[in-house]
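Written out below as structure tokens is the structure these notes cover.
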Amino acid sequence: MKAFIFDLDGVIVFTDKFHYQAWKKMADRMDIYFDETINNRLRGVSRMDSLEIILENYKGHKLGQREKDLLAAEKNDNYRKLLETMTPDDVSTDVRNTLKELRHRGYKLAIGSSSKNTKFILERVGLMDAFDAISDGTNITKSKPDPEVFLKAAEYIGESPKDCYVVEDAYSGIDAAEAGGMTSVGIGDAAGYDKTDIKIQKFSDILSLS
Ligand code: BG6
Ligand code: MG
């Protein structure tokens, strides 16, 4: 294996709680039922697809594209305000040291995230230089479980998908890794998914793979 492709939200940083709070604020204002179980279905899913899942519980009139765009923008404004509170302290020592050690061992490292806020987050937490390439929501047309974001990441670092591990916390991301011909490593939620190739408990467990 020559490279690691990392999901961002829920793997490198714990922004899941901010996604939840930002959607919850919008949902409460719209009187839409939304809870943490529904939020789990949003992991790895693009912003607009996430909105569609939340709107399954909307009892009001049928919304047009313009209204949906405004709701997605409202959520993103809520989310960005929360992201602005992030600092380098929001990256655990375990994650930071593991990334350094993988680099030291000669692996190429990339991000493969559905988020259009990826670069903003990496800048806030001081990790822009930790990766050789970033593939994110700004360079894809289909979100996970489609493998596009990971295939682009592999292409950006010049490696074949079969030589890449994908580290993920979302079921949709594990499915995307499989569809792309990569070996999946599941942490958090994805460590309990039967399709995950390798299950780990903490981030630094990946050092025993390499
Ligand atoms: C993924 C998250 O990383 O990014 C999803 O797991 C989120 O919950 C998606 O919807 C898109 O994020 P953003 O920042 O572009 O709204
Ligand atoms: Mg994730």
Side-chain angles (χ1 to χ4, degrees), residues 4-27 34-56 68-86 90-92 95 110-125 127 131 134-150 152-153 165-178 180 182 184-193 195-196 199-200 202-203 206:
F4 283 85
I5 302 171
F6 299 97
D7 172 51
L8 177 68
D9 295 315
V11 171
I12 300 291
V13 283
F14 295 92
T15 40
D16 333 37
K17 58 180 188 291
F18 293 150
H19 276 296
Y20 175 69
Q21 289 166 23
W23 280 125
K24 181 76 178 145
K25 193 169 176 192
M26 185 222 82
F34 181 61
D35 62 18
E36 304 236 13
T37 308
I38 301 170
N39 190 59
N40 276 341
R41 289 173 59 202
L42 312 183
R43 283 180 203 280
V45 175
S46 73
R47 195 180 308 163
M48 290 313 285
D49 290 348
S50 296
L51 177 64
E52 293 296 341
I53 292 172
I54 289 166
L55 290 177
E56 288 170 10
K68 288 180 182 176
D69 287 348
L70 286 172
L71 290 176
E74 177 183 336
K75 182 266 176 171
N76 197 49
D77 285 348
N78 297 341
Y79 183 54
R80 294 278 289 218
K81 284 196 188 91
L82 295 166
L83 293 180
E84 273 162 19
T85 67
M86 292 186 86
D90 287 296
V91 178
S92 71
V95 167
I111 288 283
S113 166
S114 306
S115 174
K116 292 184 174 163
N117 290 300
T118 296
K119 294 193 178 96
F120 182 71
I121 294 168
L122 291 176
E123 272 161 15
R124 294 250 19 131
V125 299
L127 277 183
F131 302 96
I134 294 169
S135 172
D136 65 17
T138 64
N139 61 254
I140 54 171
T141 56
K142 287 163 274 173
S143 96
K144 300 168 190 176
D146 190 282
E148 184 181 10
V149 74
F150 294 142
K152 287 262 169 66
Y165 286 115
V166 163
V167 187
E168 258 293 348
D169 71 315
Y171 287 23
S172 60
I174 298 293
D175 291 342
E178 185 189 41
M182 292 138 182
S184 66
V185 181
I187 191 166
D189 251 27
Y193 186 37
K195 285 175 76 179
T196 300
K199 297 168 181 175
I200 59 169
K202 60 178 192 307
F203 194 81
I206 57 183

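Quick note: numbers below take in every heavy atom, side chains included, and nothing from hydrogens, waters or symmetry partners. Order of listing sets the numbers, starting from 1, for every ligand and every atom in it.
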Item to check | Test item: side-chain donor near acceptor, D9 and H19, under 3.5 Å | outcome: yes

Checklist outcome for this item: For Y79, the atoms of ligand 1 under 4.0 Å from one of its heavy atoms are 14 (O)

Checklist entry - So, for F18 and Y79, is the gap between ring centers shorter than 6.0 Å? => result no

Checklist entry - If you look at D7, which of its N/O/S atoms is nearest to the Mg ion (ligand 2)? => result OD2

Item to check | Metal check, the Mg ion (ligand 2) vs E168 N/O/S, cut-off below 2.8 Å | outcome: no

Next on the checklist: Under a 4.0 angstrom heavy-atom cut-off, which atoms of ligand 1 come close to N117?
Outcome noted: 13 (P), 14 (O)

Checklist entry - Taking both backbone and side-chain atoms of R43, is any N or O found less than 3.5 Å from an N or O belonging to ligand 1? => result no

Item to check | S50 neighbourhood, listing ligand 1 atoms whose heavy-atom distance to it stays under 4.0 Å | outcome: 10 (O)

Checklist entry - Should the pair F6 and F131 be assigned to parallel (<30°), tilted (30 to 60°) or perpendicular (>60°) ring geometry? => result perpendicular

Next on the checklist: Within the 4.0 Å heavy-atom shell around K116, which atoms of ligand 1 are there?
Outcome noted: 13 (P), 14 (O), 15 (O)

Checklist entry - Hey, which atoms in ligand 1 end up nearer than 4.0 Å to a heavy atom of L42? => result 5 (C), 8 (O)

Checklist entry - Is a side-chain N or O of S172 found less than 3.5 angstrom from the main chain of R43, in a donor-acceptor match? => result yes

Checklist entry - Which of the atoms in ligand 1, numbered in the order shown and given with their element, are less than 4.0 Å from a heavy-atom of V45? => result 5 (C), 7 (C), 9 (C), 10 (O), 11 (C)

Item to check | the Mg ion (ligand 2) to nearest N/O/S of D9 less than 2.8 Å | outcome: yes

Next on the checklist: Looking at ligand 1, is there an atom of it that comes within less than 4.0 Å of some heavy atom belonging to S113?
Outcome noted: yes

Checklist entry - Considering only heavy atoms, which of S115, A72, G137 lies nearest to atom 14 (O) of ligand 1? => result S115

Next on the checklist: Under a 4.0 angstrom heavy-atom cut-off, which atoms of ligand 1 come close to G44?
Outcome noted: 2 (C), 5 (C), 6 (O)

Checklist entry - Where does H19 meet ligand 1, judged by heavy-atom distances below 4.0 Å: at the side chain, the backbone, both, or neither? => result side chain

Checklist entry - Does an N or O from D9, backbone or side chain, lie closer than 3.5 Å to an N or O of ligand 1? => result yes

